[in-house]
Amino acid sequence: MGAGAGVAVTVLFCNGQLADAGALSAALVNYGHFTSLQVRSGAVQGWALHLQRLQQGTRELFGVELDCVQVVAWLRQALQQLDAADASVRITVFSRQFDFRQPLRAVPVDVLVAIAAPASIPAIARSVLPLPYQRELAHIKHVGTFPLFQLRRQALQRGFDDALFVDAQGRISEGTTWNLAFWDGTQVCWPQASALRGSTERLLMDGLAALGQLQHHADVHVPTLARCNGAVAFNATGIWPLAAIGEQRLEQSEVLLVRLQSALAQTPWLPL
């Protein structure tokens, strides 16, 4: 899909200009939020959902409104400048004037647009390790990602492919950088524990509804996984089946994978 020279390395733009050391050092304060997406032939799936996420996060973290028209213009400009019709994109909202000593002081926000090579995750079955963790401010895709990657390291050290989070009530919520859905042989089940609800999850729900597929939300606990026949994980870069959660094997994850792939295909790629 698409044309153009492509992106060999990640290129960063801040407020429409190539990012300098000053902008990048301010981003290291670790106060901000972001969204990640894939661009194909200059088009995106669920772009409105990404903008909603950026608007919500900006209101909650900075108390101001994000100029979404400007964000779109900067993104288009960055893609055009790099001749990148296909790309991985991360848009981060932060503030070079934010002072952690005076966090209530009103400050203007800055927008960091990172353009990298397009990415996709192969649909290879993976095993994940349930670990106790609850994401702070789970509804915001904030830049505080340290525990996510540390828990992924722990899972890898124990022979698994990734970590799956379980809250204090024993409910499965989400993975390190992905959401998931379960399959009982008839219905798709969405775990309802507090989690960062990704844009892909929303697109999948809408796609399943369009296909007439039964689905529901429920608390899912590790000890009750024997009732599930399959599970699938997903984020903006793809959808992949889960072969096992801990010691519980999931034999029909491929069945759910096919259904979710069909559901996602219901959402068109719309030009930016």
Side-chain angles (χ1 to χ4, degrees), residues 27 29-37 46-64 66 89-95 98 100 103 109 112 121 126 128-155 160-182 188-206 215-225 228 231-240 242 245-246 260:
V29 173
N30 208 36
Y31 189 79
H33 64 98
F34 69 99
T35 194
S36 298
L37 55 119
W47 175 237
L49 297 176
H50 291 284
L51 283 180
Q52 289 172 14
R53 167 183 283 165
L54 292 174
Q55 288 173 314
Q56 176 189 5
T58 302
R59 291 189 192 109
E60 292 201 35
L61 296 186
F62 296 100
V64 299
L66 182 66
V89 174
R90 170 170 163 152
I91 302 172
T92 303
V93 178
F94 70 110
S95 177
F98 178 78
F100 64 88
V109 294
L112 194 66
I121 292 181
R126 297 165 193 191
V128 297
L129 176 65
L131 290 173
Y133 178 68
Q134 176 61 59
R135 185 193 296 263
E136 295 182 0
L137 294 177
H139 63 291
I140 297 178
K141 195 176 180 71
H142 56 74
V143 296
T145 55
F146 173 85
L148 312 184
F149 304 140
Q150 176 59 20
L151 290 169
R152 175 176 282 171
R153 280 177 51 85
Q154 291 182 27
F160 290 83
D161 299 306
D162 210 337
L164 176 67
F165 301 152
V166 179
D167 69 11
Q169 289 73 48
R171 301 177 300 173
I172 291 173
S173 58
E174 60 184 315
T176 54
T177 58
W178 40 271
N179 298 109
L180 75 164
F182 295 95
V188 177
C189 175
W190 304 96
Q192 63 180 5
S194 178
L196 175 62
R197 299 299 171 194
S199 300
T200 301
E201 182 180 82
R202 182 71 261 169
L203 297 180
L204 289 170
M205 288 181 189
D206 292 345
Q215 53 185 322
H216 70 285
H217 289 78
D219 289 338
V220 181
H221 298 78
V222 174
T224 63
L225 284 176
C228 297
V232 166
F234 45 84
N235 58 25
T237 58
I239 310 175
W240 61 98
L242 296 181
I245 296 177
L260 293 188

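Hydrogens, waters and symmetry mates are skipped; everything else that's a heavy atom, side chains included, is used.
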Side-chain polar contacts of residues 136-148 - donor-acceptor pairs under 3.5 angstrom, sequence neighbours left out - could you list them?
residue	atom	partner	partner atom	Å
H139	NE2	E60	OE1	2.9
H139	NE2	E60	OE2	3.1
H142	ND1	G144	N	3.1
H142	NE2	E136	O	2.7

Contacts of type ring-ring contact (aromatic ring centres under 6.0 Å, His included), residue Y133, not counting sequence neighbours: F165

Under the ring-ring contact (aromatic ring centres under 6.0 Å, His included) test, residues paired with F62 that sit two or more places apart: Y31

Identify, with sequence neighbours excluded, every residue that meets salt bridge (charged side-chain N to carboxylate O under 4.0 Å, His left out) alongside R90. none

Holding to salt bridge (charged side-chain N to carboxylate O under 4.0 Å, His left out), I want the full list of residues that pass it with R202, two or more places apart in sequence or in another chain. D206

Are side-chain heavy atoms of [X] and [Y] found at a separation under 4.5 Å?
X	Y	result
F234	L204	yes
I239	W178	no
D167	S173	no
L37	S199	no
N235	I121	yes

For V188, the side-chain contact (heavy atoms from CB on, under 4.5 Å) test, sequence neighbours excluded, returns A181, W183, W190, L208, Q213, Q215, L256

Tell me, please, which residues at least two apart from D161 pass side-chain contact (heavy atoms from CB on, under 4.5 Å). R126, S127

Check side-chain hydrogen bond (donor to acceptor under 3.5 Å, both in side chains) between [X] and all other residues, then give those that pass, not counting sequence neighbours.
X	result
T58	H33
T177	R152
S36	none

Least distance between heavy atoms, P191 atom then L180 atom: CD-O, 3.3 Å

According to salt bridge (charged side-chain N to carboxylate O under 4.0 Å, His left out), does anything in residues 190-201 pair up with another residue at least two apart or in another chain? List the pairs. R197-E201

Against F182, only a single residue in I245, L242, V232 fulfils side-chain contact (heavy atoms from CB on, under 4.5 Å); can you say which? I245

